[in-house]
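Report on one structure; see the data block that follows.
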Amino acid sequence: MSKSNKKESNETEENLTDLSTLSKKELVQRAKKFSKQYCVGDGDDFKLKDYETKASFNLGEEGKPLVNQTLQMGVDALATMQDVLYAQDKWSLLLVFQAMDAAGKDGAIKHVMSGVNPQGCQVSSFKAPSSEDLDHDFLWRCQKHLPERGRIGIFNRSYYEEVLVVRVHEAILKNQKLPKKLITKDIWEERFQDIRNFEKYLTRNGTIVIKFFLNVSKKEQKKRFIERVDDPDKNWKFSAADAKERGYWDDYMHAYQELIKNTSTKKSPWYVIPADNKSYARIAIASAIITALDEMDLEYPKVSPEKIAELNAVKEALLDEKD
């Protein structure tokens, strides 16, 4: 992480202590400053090792109420902005979540989006592609779930699996029905280019794309795996396949570095979120979403003078009614 980013991290504890006194505008500006340290932007010089998996500070047990209050303020601000997004019906926002198993994607989506009107939000989770999916190009199954104008779409995993798990396990690539002559040493660079062009196309048509990599450490993943085994209520979250994929950790880290380096742009950035502390990660994610929504210059639709006169006439008629 750069020196400037480290300086911002050191200021975070102080920044969290006075949020209750901020106006909405000041809160948005604070969210922008907070999330900036995790935004990759142009990925040309990206190195995953420069980004920490742990929060830059630890408030301890006594600080939990403050952390929860901070997250709730972010959730409330996000809900307000989403309401305007839905009413304006011009922009849409696509949030892409990628991570290793047990990094906290599901929990982050659940908590950060807890205040959003379900009518204005849709979550799509992507597992292994079906036979129908494999009969189409690799972007096809995700294109079907893009958010409509006025809505927030959430991809829990995404088309990025095609330059991630497919890259780590190249046997999958051989079963994707591609013509043999198209499977060359350049296929990953070609897919990066396809993804960049796809996201540029979406942006030009009013769908803003921001991507989150929840950067969990191998040590923390091990701890969470053991917790899932020990807790009967979490057994369903764990399988032997999860532990097997852990054996490819270094390959996955290389694949993540390459995909972020090649697909993070200023208009469709990646955010590398320290995910060892779930509460901290959720605050950082909420801050980044608030930042993206604020840059849309959202406002409620303006009502014409004729419409206002019509509404006032209706109001007068209602007031004149006898109960």
Legend entry - Approximate separation, where rounding is to 0.5 Å, of Leu311 CG and Ile308 CD1: 7.5 Å

Inset, instruction - Would you check if Asp137 and Gln143 make a side-chain contact, meaning some heavy-atom pair closer than 4.5 Å? - result: yes

Legend entry - Any side-chain donor near an acceptor of the partner, Gln193 and Asn197, under 3.5 Å: no

Legend entry - Contact summary for Ser287 and Ala31, nearest pair of heavy atoms: CB-O, 3.5 Å

Legend entry - Nearest heavy atoms of Pro147 and Gly153, plus distance in Å: CB-N, 3.5 Å

Legend entry - Beyond-backbone contact of Ile210 with Val96, side-chain heavy atoms, under 4.5 angstrom: no

Legend entry - Lys/Arg cation over aromatic Phe138: Arg191, 6.0 Å, 45° cone: yes

Inset, instruction - Check whether any side-chain N or O of Asn235 sits under 3.5 Å from a backbone N or O of Arg228 as a donor-acceptor pair, and report yes or no. - result: yes

Inset, instruction - I would like to know whether Val166 and Glu161 meet side chain to side chain contact (heavy atoms under 4.5 Å, CB included); could you show each step before the answer? - result: CA-CA 7 Å; Val166 177; Glu161 294 293 290; 5.7 Å; no

Inset, instruction - Flag the pair Phe46 / Val272 as yes when at least one side-chain heavy-atom distance between them is below 4.5 Å, and no otherwise. - result: yes

Legend entry - Validation row: Pro274, Asn215 side chains within 4.5 angstrom (heavy atoms): no

Inset, instruction - Using the side-chain hydrogen bond (donor to acceptor under 3.5 Å, both in side chains) rule, take Gln98 and Ser158 through it: C-alpha gap first, then chi angles, then the decisive distance, then the call. - result: CA-CA 8 Å; Gln98 294 284 162; Ser158 67; 2.8 Å; yes

Inset, instruction - Measure the shortest side-chain to side-chain distance between Pro129 and Arg141 over non-hydrogen atoms and say whether it is less than 4.5 angstrom. - result: yes

Inset, instruction - Would you indicate whether the side-chain heavy atoms of Val116 and Cys121 approach each other to under 4.5 Å? - result: yes

Inset, instruction - Take Phe238 and Ile226 through the side chain to side chain contact (heavy atoms under 4.5 Å, CB included) test and state the conclusion after the steps. - result: CA-CA 9 Å; Phe238 188 71; Ile226 293 173; over 6 Å; no

Legend entry - Any side-chain heavy-atom pair of Val75 and Gln72 under 4.5 Å: yes

Legend entry - Test applied, ring pair (Phe, Tyr, Trp, His ring centres under 6.0 Å); reference residue, Tyr256; option that passes from Phe213, Trp249, Trp270: Phe213

Legend entry - Arg224 with Glu227: basic N within carboxylate O range, under 4.0 Å: no

Legend entry - Check: Ser268 side chain, Ser264 main-chain N or O, donor-acceptor pair, under 3.5 Å: no

Inset, instruction - Would you check, one step at a time, whether the test ring-ring contact (aromatic ring centres under 6.0 Å, His included) holds for Phe198 with Tyr159? - result: CA-CA 11 Å; Phe198 175 61; Tyr159 43 85; 5.5 Å; yes

Inset, instruction - For the pair Arg157 (side chain) and Phe97 (backbone), establish whether a donor and an acceptor sit closer than 3.5 Å, ignoring hydrogens and angles. - result: no

Inset, instruction - Taking Asn277 for its side chain and Lys54 for its backbone only, find out whether a donor-acceptor pair lies under 3.5 Å. - result: no

Legend entry - Contact check, side chains of Arg167 and Glu162, non-hydrogen atoms, under 4.5 Å: no

Inset, instruction - With Lys144 as the cation and Trp140 as the aromatic partner, state whether NZ or CZ is under 6.0 Å from the six-membered ring centre and within 45° of the axis. - result: yes

Legend entry - Side chains of Ser217 and Asp276, donor plus acceptor under 3.5 Å: yes

Inset, instruction - For Tyr252 and Glu245, test the side chains for any donor-to-acceptor distance below 3.5 angstrom and give the result as yes or no. - result: yes

Inset, instruction - Would you check, one step at a time, whether the test ring-ring contact (aromatic ring centres under 6.0 Å, His included) holds for Tyr160 with Phe192? - result: CA-CA 9 Å; Tyr160 279 102; Phe192 291 146; 8.4 Å; no

Legend entry - same_hphob_cluster(Ile183, Val163) at 4.5 Å side-chain heavy-atom cutoff: yes

Inset, instruction - Please confirm whether the backbone N or O of Asp101 pairs with a side-chain atom of Gln221, one donor and one acceptor, at under 3.5 Å? - result: yes

Legend entry - Distance-minimising heavy-atom pair for Ala79 and Gly115: CB-O, 3.2 Å

Legend entry - Any donor-acceptor pair under 3.5 Å from Asp294 side chain to Ile290 backbone: no

Legend entry - Within 6.0 angstrom of Lys218 NZ, more than 12 heavy atoms from elsewhere: yes

Inset, instruction - Using modelled atom types only, decide if a donor and an acceptor are shared between the side chain of Gln88 and the backbone of Leu85 within a distance under 3.5 Å. - result: no

Inset, instruction - Give a yes or no on whether a salt bridge exists between Asp135 and Lys177, defined as a side-chain N under 4.0 angstrom from a carboxylate O. - result: yes

Inset, instruction - Take Lys261 and Asp45 through the side chain to side chain contact (heavy atoms under 4.5 Å, CB included) test and state the conclusion after the steps. - result: CA-CA 7 Å; Lys261 179 179 179 180; Asp45 299 320; over 6 Å; no

Legend entry - Donor-acceptor contact below 3.5 Å, side chain Asp242 vs main chain Ser239: yes

Legend entry - Backbone N/O of Lys185 and side chain of Trp188: donor-acceptor pair under 3.5 Å: no

Legend entry - NZ (Lys32) with more than 12 external heavy atoms under 6.0 Å: yes

Inset, instruction - Examine distances only and state if a side-chain atom of Thr203 and a backbone atom of Ile208 form a donor-acceptor pair shorter than 3.5 Å. - result: no

Inset, instruction - Give the C-alpha distance, both sets of side-chain angles, the deciding distance and a yes or no for salt bridge (Lys or Arg N to Asp or Glu O under 4.0 Å) between Glu199 and Lys211. - result: CA-CA 11 Å; Glu199 292 178 350; Lys211 293 101 64 168; 2.8 Å; yes

Legend entry - Exercise: identify the closest heavy-atom pair between Ser35 and Tyr271: O-CE2, 3.5 Å

Legend entry - Pair Asp83, Tyr300: side-chain N/O donor-acceptor within cut-off below 3.5 Å: yes

